[in-house]
Amino acid sequence: MEKIFNHLNESQAAAVKQTEGPVLILAGAGSGKTTTIISRLAYLIEVVGIPASNTLTLTFTNKAAKEMKERSLSMIENVAYPPLLCTFHKFGLLFLKFNIHLLKRANNFVVIDTDDKKRIIKKINSELPTPLIASEISRYKNSLMTPDDAYKQTELFSYKQIAEVFAEYEKYLLENNLVDFDDLIALTYKLLDENPELAKATSQKYQYIMIDEYQDTNELQFKLLQKLCTVHNNLCVVGDDDQSIYGWRGAHIRNIMEFDQDFSGTHVFKLEENYRSRAPILKVANALIEHNRSRLGKKLIATRGNGDDVTTLNSNDENEEARKVAAKIEKLLESGVRAREIAILYRVNVLSRSVEEGLNRYGINYKLVGGLRFYDRAEIKDLISYIRVITNHHDDFSLKRIVNKPKRGLGKASLDKIELAAQKKGTSIYEYITQAPMEELEGLVRKKNAATLKEFAKNIQEVAGIAQASTYEFIDALEETFSLKDIYKNMQDGQERILNIDEFYGLFRDFVKKSPQSSLDEFLNELTLQSEQDQVEGESIYMMSIHASKGLEFEHVFVIGMEEGFLPLTGDGSDLEEERRLGYVAFTRAKETLTLCHAGSRFYKGRRSDLEKSRFFNEAGLCKGSLKCEKNTAFKKGDLVRHKIFGTGRIIGVSKSGREFKLKINFAGTKRDILASFVEKL
DNA sequence: AACGGCATCTTTTTT
DNA sequence: AGATGCCGTT
């Protein structure tokens, strides 16, 4: 008991103790959110006496789940079964394994990733852009729409077409017993919705539910949570409306804004004490986010005392910016700061390029986080396809991916012929290759290739036999039989690919060591749900998008590209309030110092364009008393501006007052003199 | 079947 | 600019 409350402040402790009923914990950046969740879990299990198996804690990323698991293990003692703590999708996977038979489907389904999904779509329709169809299908599934619903909903021909692709896509998944990411949640919901008894039983099993990063949930996840709360309302959600930065991906900020209306009798706790950043950093972050209208209202209170002022770094172009940032970082490193405590953040990934060059010139090592993920690399996906075919020879989808890797002379034309022949016989491609007489195969493809195909099928079977006997020997047998590394031996970026393959082999061996009794099947599904491999700790600084930085912290943070058009990013579909939240997330990553950089022009999309300093400098209160800053904001007669108290008005005159500009503004007929830093341009 | 040249697009990203 | 994708040529 003491151990649990030792490290908690008052509001954290209060939130931990409120175990019953709906609970909303508004956890500001750096306010000890994870500590609170873990403590609450420990309190439920160790003090209240709830069996660990009756709790459920859901996160969005594997990383968060992993961190919480590790930290909870050190806090919870004597637990026969560890509490279920996993991602939403993992929960869906587990649930479907036990219950998908109710949808008349076998539970040996395979989870496909976004790339697989796109390949399937592309095969069905190559006219419309695949990513569009993919995202529309995702949207339909998240709205629980059937292809039929989607078809009826629209009058547009192209969208009717998309609905038709959706129908065929669903048919394909069903026929091959595949499940996509959206299905993991949607089918789980469907099962609970159509089987009230199952919903009741599931809700009874998970009596205490906690959700991390609640501001990132979408509508379907919300509905799923409602089902899980069929027989109780012990739902505790933790999140921060000010850090909702995934609206563009369907996250429903409404969920957190209106939680207390969705669940009556909600207890609200605000965690506002910040244990991360120095006071000046928090001041700037608070000032910025206060400009958002749609928020629950929360202020970060500094506990770490005063520190350096937030610095603005002004450059003419991106090269100057890169030099200045690199020089500053070099100084920090010389003063003994560890490299991993320094991060460069940006709104758009392309902005990393110029800074990379600067860092290289200064000989500073950096690590790019994000970009192409390990499991998305073609060579790794090929390997996974090999393993899939070995576990399930009838997985035509994966087989087609690898049948010509390494080259076996099987191009599109030959493959189509084989596939057609297999379809006619009603068998899988693998089965067709093994069973068709040699003469028949030779009628379809070249003699030499027919033999290669037979050999390929034989090899698959052989390696499958080895896998069954010993997962230990499997990986070596795979490489020996198919020489997958040789494919890349003579390619330009081949060495890197071979290294990736070796890394994958290493990961596989680790998996086997950790759970020797597991089948390849389990390994595969685990893999599909896995995101990035753990970033290796090294002596290099970090560079990443603001999105990727969420949840992390660094002593020294540089935000580059703070210009209109980059942060905030403008254009169709952009949401100024979400951009502001992005700024807020970026600022609150910093523990000791925060440096905000902007450049007068950048080379972007093939041409150089002039840029205005971001309005966020003004909003964050970083412009007071400085004329230099006003130059870029360029208030002029006729501009519409907003004042926090007087509302919207039009500038009718500009004059200088000391070091600042004074504006004469017409607010709905009332003319007032206002200092420029107190209004924002509309 | 494989390669190379031309056109097109360009925010953020997890599962 | 740079990556990706499609199509036509070899």
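Chain A is the first sequence line, chain B the second, and so forth, proteins listed ahead of strands; every chain is numbered from 1. It should be emphasised that the depicted structure is a prediction, and the values quoted were computed from it without experimental measurement. Just the heavy atoms: all of them, side chains too, but no hydrogens, waters or symmetry mates, feed the values below.
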Participant: With respect to the side chain of A:Arg249, which nucleotide from B:dT14, B:dT12, C:dC6 is positioned closest?
Facilitator: B:dT14
Participant: Which residue, A:Asn404 or A:Ser545, contacts DNA chain B at a nucleotide closer to its 5' end, judged by nearest heavy atom?
Facilitator: A:Asn404
Participant: So does A:Lys141 get a side-chain nitrogen or oxygen closer than 4.0 Å to the phosphate oxygens (OP1/OP2) of B:dT15?
Facilitator: no
Participant: Hydrogens and angles aside, do A:Tyr246 and A:Glu213 bring a side-chain donor and acceptor to less than 3.5 Å of each other?
Facilitator: no
Participant: Rounded to the nearest angstrom, tell me the gap between atom CZ in A:Arg119 and atom P in C:dG5.
Facilitator: 13 Å
Participant: For the pair made of CG in A:Asp575 and P in B:dT12, what is the distance, rounded to whole Å?
Facilitator: 17 Å
Participant: What is the distance, rounded to the nearest whole Å, between atom CD1 of A:Ile121 and atom P of C:dG5?
Facilitator: 14 Å
Participant: Looking for any heavy atom pair under 4.0 Å, which part of the strands does A:Lys122 touch: base, sugar-phosphate only, or nothing?
Facilitator: sugar-phosphate
Participant: Report the nucleotide, chosen from B:dT11, C:dA3, B:dT15, that has the shortest atom-to-atom distance to any side-chain atom of A:Phe181.
Facilitator: B:dT15
Participant: Before accepting this row, confirm whether a basic side-chain N of the pair A:Glu136/A:Arg139 lies closer than 4.0 Å to the acidic partner's carboxylate O.
Facilitator: yes
Participant: May I ask you to decide whether A:Glu577 forms a salt bridge with A:Arg295, counting only side-chain N to carboxylate O separations under 4.0 Å?
Facilitator: no
Participant: Whole Å only: how far is the CH2 atom of A:Trp248 from the P atom of B:dT12?
Facilitator: 8 Å
Participant: Got a donor-acceptor pair under 3.5 Å from the side chain of A:Ser574 to the base of B:dT11?
Facilitator: no
Participant: Return the value, rounded to whole Å, for the distance between atom CZ of A:Phe60 and atom P of B:dT12.
Facilitator: 21 Å
Participant: Should the pair A:Lys97 and A:Phe109 be classed as cation-pi, given the thresholds of under 6.0 Å to the six-membered ring centre and 45° from the axis?
Facilitator: yes
Participant: Taking the P atom of each, how far is B:dT13 from C:dT4, in whole Å?
Facilitator: 16 Å
Participant: The side chain of A:Leu569 is closest to which nucleotide in this list: B:dT11, C:dA3, B:dT15?
Facilitator: B:dT11
Participant: Does the side chain of A:Asn349 get closer than 4.0 angstrom to OP1 or OP2 of B:dT13 through an N or O atom?
Facilitator: yes
Participant: Separation of A:Tyr214 atom OH from B:dT14 atom P, in whole Å?
Facilitator: 22 Å
Participant: Of the nucleotides B:dT13, C:dA3, B:dT10, which has the atom closest to the A:Lys605 side chain?
Facilitator: B:dT10
Participant: Between B:dT13 atom P and A:Lys63 atom NZ, what is the distance in whole Å?
Facilitator: 13 Å
Participant: Where the side chain of A:Phe603 is concerned, which of B:dT12, B:dT13, C:dA1 is the nearest nucleotide?
Facilitator: C:dA1
Participant: Over how many whole Å does the gap from A:Tyr189 atom OH to B:dT15 atom P extend?
Facilitator: 25 Å
Participant: Between C:dG5 and B:dT12, how far apart are the two P atoms, rounded to whole Å?
Facilitator: 16 Å
Participant: Please examine the side chains of A:Met562 and A:Arg347, heavy atoms only from C-beta on, and report whether any two atoms are closer than 4.5 Å.
Facilitator: no
